[in-house]
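Reviewing the structure listed below.
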Amino acid sequence: MRGMQAIVETTFDVVYLITVIAIGVCMMRMSQGNKQYHLFGAMAIVLGLGDAFHLVPRAVALCTTGLDNFTVALGMGKFITSITMTIFYVLLYFVWRVRYGVQGRQALTAVIFGLSALRIILCLFPQNAWTTAQAPLSWGIYRNIPFTILGLIIICLFYQEAHDKQDYPFRFMWLTIVLSFAFYLPVVLFADIVPMIGMLMIPKTCAYVWTVWIGYQAMKGDLNEKTH
């Protein structure tokens with residue numbers, strides 16, 4: 001059973017990491033000075049590289065001696081991923097500002113930076129016990145409160161602007177973020193009690209791929225319009 005899990009998970013993770021990083025590099029190279037798509041490319045690379053710190057040790061563990069022997073590596077990977085995911089949403093916020101020509105709104109920007117900083121600070125507390133097998137659920141909840149609020153704000157911003165501006169390419173951007181949190185939060189709350197819930201990380205990952213793909217397709221559409 002573990003052998004099958006190792007094959008399926010490792011294959012999925014390798015395809016995922018290569019896909020998002022490749023799309024990110026491609027977007028940065030093809031952005032042609034377009035700040036929005038340059039940011040989007042950076043966002044995809046941060047997503048892929050950040051997740052690699054957790055997924056690569058996990059793949060190695062599954063293919064060798066098991067997860068129990070990689071507790072420290074997996075914990076540190078999870079810690080790094082928690083920070084890079086926060087950066088991912090900050091970059092997505094600036095994609096929103098650039099795409100919709102948002103000026104001012106310093107208070108909103110301050111809230112975004114404040115929630116992100118709070119999330120990162122909470123991740124740094126030793127009480128998270130990242131490198132132990134029994135990390136406390138309470139700190140998993142604490143550090144995800146500002147992260148969830150950050151996500152909800154980004155969801156509302158993209159939903160409102162895409163609707164008001166009738167932005168067809170980004171019409172589902174808000175939904176990809178809703179799905180990512182809908183699959184992620186049950187894992188935080190219940191995976192230690194019901195390990196199978198951890199499988200929700202696969203559709204969560206697919207939601208992030210969808211997010212990146214929306215940006216890539218929008219860029220391709222803009223580039224095609226310029227060449228015609």
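Numbers for residues simply follow the sequence, beginning at 1. Worth saying up front: this structure is predicted, and the values here are computed from it rather than measured.
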Would you find more than 12 non-hydrogen atoms of other residues, nucleotides or ligands less than 6.0 Å from K165 atom NZ? yes

I'd like to know whether R105 forms a side chain to side chain contact (heavy atoms under 4.5 Å, CB included) with R97, so could you lay out the CA-CA distance, the side-chain angles of the two residues, the decisive distance to 0.1 Å, and finally the verdict. CA-CA 10 Å; R105 302 191 69 171; R97 288 184 68 93; 4.1 Å; yes

Spell out, as yes or no, whether a donor-acceptor pair under 3.5 Å connects the side chain of R99 to the backbone of Y37. no

Side-chain atoms of residues 135-147: list all donor-acceptor pairs with protein atoms under 3.5 Å, sequence neighbours left out, distances to 0.1 Å.
residue : atom : partner : partner atom : Å
R143    : NH1  : N128    : OD1          : 2.7
R143    : NH1  : W139    : O            : 3.4
N144    : OD1  : R119    : NH1          : 3.1
N144    : OD1  : Y184    : OH           : 2.8
N144    : ND2  : G140    : O            : 2.6
N144    : ND2  : Y184    : OH           : 3.4

Treating Ile, Leu, Val, Met, Phe, Trp and Tyr as nodes and any side-chain heavy-atom pair under 4.5 angstrom as an edge, say whether V15 and F53 lie in one connected cluster. no

side-chain hydrogen bond (donor to acceptor under 3.5 Å, both in side chains) between Y16 and D51, worked out: CA-CA 10 Å; Y16 158 65; D51 280 356; 2.4 Å; yes

Please find the pair of heavy atoms, one from V212 and one from A44, that lie closest to each other, and give the distance. CG1-CB, 3.8 Å

Say you draw a straight line from CD of Q134 to OG1 of T71; how long is it, rounded to the nearest 0.5 Å? 9.5 Å

By ring pair (Phe, Tyr, Trp, His ring centres under 6.0 Å) - contacts of F70 (at least two apart): none

Can you name the residues that form a ring pair (Phe, Tyr, Trp, His ring centres under 6.0 Å) with F113, not counting sequence neighbours? F94

Between OG1 of T148 and CG of L115, what distance do you get to the nearest 0.5 Å? 10.5 Å

Could you report the tightest heavy-atom contact between Y216 and C26, atom names first, then the distance? CE1-SG, 3.9 Å

Flag side-chain contact, heavy atom, 4.5 Å: S82 against W130: yes

Do the side-chain N and O atoms of D167 and Y100 include a donor-acceptor pair separated by under 3.5 angstrom? yes

Transitively linked via ILVMFWY side-chain contacts under 4.5 Å: W96 with L179? yes

Which is it for Y89 and I153 under the side chain to side chain contact (heavy atoms under 4.5 Å, CB included) test, yes or no, and what are the steps along the way? CA-CA 10 Å; Y89 279 104; I153 292 173; over 6 Å; no

Output the distance between atom CZ (F158) and atom CG (L92), rounded to the nearest 0.5 Å. 4.0 Å

How long is the span from the CD atom in E9 to the CD1 atom in I202, to the nearest 0.5 Å? 6.0 Å

Nearest heavy-atom approach of K78 to H54 is N-ND1, 3.9 Å

In the single-linkage hydrophobic clustering (I, L, V, M, F, W, Y; side-chain heavy atoms under 4.5 Å), do F125 and I120 co-cluster? no

Taking every non-hydrogen atom, the tightest pair across P57 and A52: CD-O, 3.6 Å

Taking a hydrophobic cluster as the set of Ile, Leu, Val, Met, Phe, Trp and Tyr residues connected by side-chain heavy atoms closer than 4.5 Å, whether directly or through intermediates, do I18 and F88 fall within one such cluster? no

Hydrophobic clustering (ILVMFWY, side-chain heavy atoms < 4.5 Å, transitive) - are I121 and I83 grouped together? no

Within a reach of under 6.0 Å around NZ of K204, are more than 12 heavy atoms found that belong to other residues, nucleotides or ligands? yes

If you look at every heavy atom in C123 and F79, which pair is closest and at what distance? O-CE1, 3.6 Å

Rounding to 0.5 Å, atoms CD1 (I155) and CG (L175) come to a distance of 9.0 Å

Measure from the side-chain N and O atoms of T84 to the backbone N and O of L47, and report whether any donor-acceptor pair falls under 3.5 Å. no

Could you tell me which non-hydrogen atom of I45 sits nearest to which non-hydrogen atom of M28, and how far apart they are? CD1-SD, 3.5 Å

Value for CE (M219) from CZ (F40), rounded to nearest 0.5 Å, stands at 10.5 Å

Under the side chain to side chain contact (heavy atoms under 4.5 Å, CB included) criterion, do T10 and C63 qualify, and how do the steps go? CA-CA 8 Å; T10 301; C63 294; 3.5 Å; yes

